[in-house]
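Down below is the structure, laid out as C-alpha cells.
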2 protein chains.
Amino acid sequence: MSKNSTYQEIAEAIRAHDSFILLSHIRPDGDAIGSQLALGHALEEMGKTVHYINEDGLPDNLTFMVNSQKIQTPPENPLDVQVCIALDCATKPRLGENAINAAANATLWINIDHHISNPAYGNLNHIDSTSPATGQIIYQLIKSEGMPLPAATRDAIYVAVSTDTGSFQYSNTTSETYEMAAELVRLGLDVGSINAQIYDSNPYRKIELLRSLLNTLQLEEGGKVAHWELPYSVKLEYNLKPEDSEDQIDLIRGIDGVLAAAFFEELEDGKIRVSLRAKDDSFNACETAQLFGGGGHKRAAGIRMTGPIADARRKVLEVISKAIS
Amino acid sequence: MSKNSTYQEIAEAIRAHDSFILLSHIRPDGDAIGSQLALGHALEEMGKTVHYINEDGLPDNLTFMVNSQKIQTPPENPLDVQVCIALDCATKPRLGENAINAAANATLWINIDHHISNPAYGNLNHIDSTSPATGQIIYQLIKSEGMPLPAATRDAIYVAVSTDTGSFQYSNTTSETYEMAAELVRLGLDVGSINAQIYDSNPYRKIELLRSLLNTLQLEEGGKVAHWELPYSVKLEYNLKPEDSEDQIDLIRGIDGVLAAAFFEELEDGKIRVSLRAKDDSFNACETAQLFGGGGHKRAAGIRMTGPIADARRKVLEVISKAIS
C-alpha cells in the first residue's frame, strides 16, 4: 500500500477545486451512502458543486436520510467535474462501470476507505483499517481540518458508523467511535429518532422472509450446525430484494450451542448461493467454502454451486459435519 | 420527591460502614443485575463485605457476567449487615418480600435509581430520571468520588447501560452515555466479546417461540395493525420461560405501516395477557388498555383479561380498529 495522504493534504485538494463527484460501492450500505451524504454536505457548505452518484442508486432502507434523494444512478455521459472522491470502496471496479464512466472527466481521484485490502487506487489516498467505518474517517477529516459539519453531515456520519458497527457492538468499535457519537449528540443529533429510522422499520416482506426461513430451519450434529434455505419461488412470492436476506443468518449463528450456520439460497439461474458463518474458532467457514471453489473469511464465507438445493445442502453439510467433529 | 443526596453524601455513608446487602427489582434485567455487580465489586475493592441478593435470583441470559454467581436468592433469615442499597427499583415492594426480609437488620437504606416515579424510600436517595440506566448513575458516583473501578465493575456498567438503552439507540441515550462507553473501552473493556455475550446468544427455544409467533402473525386494517399470539400449550411444548417473550413484539411494531401491535398470551390459569405497542402518537396504547382495566404508557401498555384467546383478540382488535380509524 502506498503512503496515506494526510487529512491536511486531502483538505487542501478539496479547497483548491470547485466541482466534485462522490462515489461509493455497488449494493451500497449505510456506510457507503452515509459517507457520500456526510462529505457531500460538508462540501456544499463550503460552496462546492457536488454530484452524488451510486451505480445502484439509493436503497429503500436509507430513503429516510436527509437529502438522500440527491443520490442518483449514473447519467449516460460523464459529468463535468474536476475531482472524483471514492468512499468506502475497496477496489475501483466495485464502484461500478457506469459510475466510473460518470467520473471520466475528473482529473484528480481521492480515495477514502477503511478496508485493509484497498490498493490505494486514487491520486490521493487515505486508507485507515483501524477505523470501524468510512464515516468515522470523514468525521476525523472534517474535525481536524475545520471543515463545516452541518446537520445533514452529522446525521449521515451517525448512520454510517452505527450501521457498520452493528449499533456500536462489533469488535471494531473503538473509544474514538463512542467519543464521536457523544460529540454528534452535543451537536444536536436526535438519538431516538434516527435509531428508530435505522433499526425499527422493516418492510413486511422481510418478516414474511424470516417466517419462511424459520419454517425450514434445522439443527444437525446435536445442535452444533444450524441451516435454513430460500427457494427461488419464495423470493418471487414475496417480491424479495437482494438486500432483504442480508444478515438474517446472524439469528441462527447466535443460537446457543451452534458452531456453524449455513444459508442455502436458490438463484434465478438455478445455481445455489451458500452463506456460511462460524461462531468461533471451532469452525473455519473459509476452509469449507474453498473446498467448493468459494472463499471469504474464517467467520464468514460463501460458495456458489450447482443445484438443486437438496444436493447442495447434502454436500455442504457433510463437509461441515466432518470439519466440526 | 425529597431532595437527592449528593454523590459525596452517599460515598461518605459507604465509607463509614463495613457490611452491605445490595438489592434490585424482581424479574431482574441487565440494568438491575449490572448495577448490583458494578457497585458491589467497587465496594469489595474497598474492603467491604457485600451480599448480592435478588428475589428472583440470576436470570439465565446474564450468567455470562463475571462473578454473576454471587447473585443469590434471599436466605431464610435476615443477613447480618449494616446497610441496604436498593438499585434500579422504583418502589420498595418491587424488591420482593423475601429480599426485603433479608435486609431487615440494615439500619441505613440507600436508594439509587433512574425511575422518575421512585418515591425516595431510602434514608439516602439519589434518583436521576435523566440517566438512561442506573448503571450510568453508579459510574458517575464511582468517578466523582474516586471509588475503585475494577474490571468486573467496568463490564457490569457496560451491560447495565447497553441493555437499558437498546444498544445506545433509545432516546434516553445522552452524550454522557457515549462518553462513559468511550472511557470503559479505554479502561480495557472488550467491546466485541461483551456484546456477543449480551446480544448474540439465544437459547433455541426462543427461536422456536419466534417461529411459532410468526406463524400466527396477521395484519389488519390495511396493514396498520399487527397481532400474534401464544397459546399455553406452545409454552409447555418449548418449555418457555417468562422472559423469553419479552421484547419480541418490537419486531412487528417495526413493520412499515404498522401503527399498533398486539400480543395475546394465554396464561396457565386460562387468563389472557395482552401487550399493546404503539409506533407513534397515532395510537395510544394506554387508552385502549384502560378500557379493559389495564394500563401503562402511551407507547406500551398491558391488559389481563378473561379468555379464551379468540374472544380476547376479537374484543381488543375491535377497539384498536376504532381508535386508529
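These figures come from a predicted structure and were not determined experimentally. Just so you know, these numbers use all the heavy atoms, side chains as well, and skip hydrogens, waters and symmetry mates. Lettering of chains follows the sequences in order, A, B, ..., and the numbering in each one begins at 1.
Per-residue counts of heavy-atom pairs under 4.5 Å with chain A were compared for Val185(B), Ile198(B), Ile255(B); the largest is that of Ile255(B). Ranked by non-hydrogen atom pairs under 4.5 Å with chain B, the options Ala182(A), Pro203(A), Ala226(A), Ser171(A) are led by Ala182(A).
Residue contact with chain A, scored on non-hydrogen atoms closer than 4.5 Å, involves the backbone and the side chain of Tyr204(B) alike. For Leu219(B), the part lying under 4.5 angstrom from a heavy atom of chain A is the side chain only. Of the two parts of Leu184(B), neither the backbone nor the side chain holds a non-hydrogen atom closer than 4.5 Å to a non-hydrogen atom of chain A. For chain B, the nearby parts of Leu217(A) are the backbone and the side chain; heavy atoms of each come within less than 4.5 Å. Residue Asp250(B) touches chain A through its backbone alone, counting heavy-atom pairs closer than 4.5 Å.
Under the 4.0 Å criterion applied to side-chain N and carboxylate O atoms, Asp244(A) and Lys241(A) are not assigned as salt-bridge partners. A salt bridge links Asp200(B) and Arg253(A); the closest N-O separation between the charged side-chain nitrogens and carboxylate oxygens is under 4.0 Å.
Residues Thr153(B) and Tyr139(B) have side chains that never bring a donor and an acceptor to within less than 3.5 angstrom of each other. Under the 3.5 Å distance criterion, with hydrogens and angles disregarded, a donor-acceptor pair is assigned to the side chains of Asn195(B) and Tyr158(B). Glu183(A) and Ser175(B) share no donor-acceptor pair across their side chains, judged by distance under 3.5 Å alone.
Between Thr173(A) and Val161(A), every side-chain heavy-atom pair lies at or beyond the 4.5 Å cut-off.
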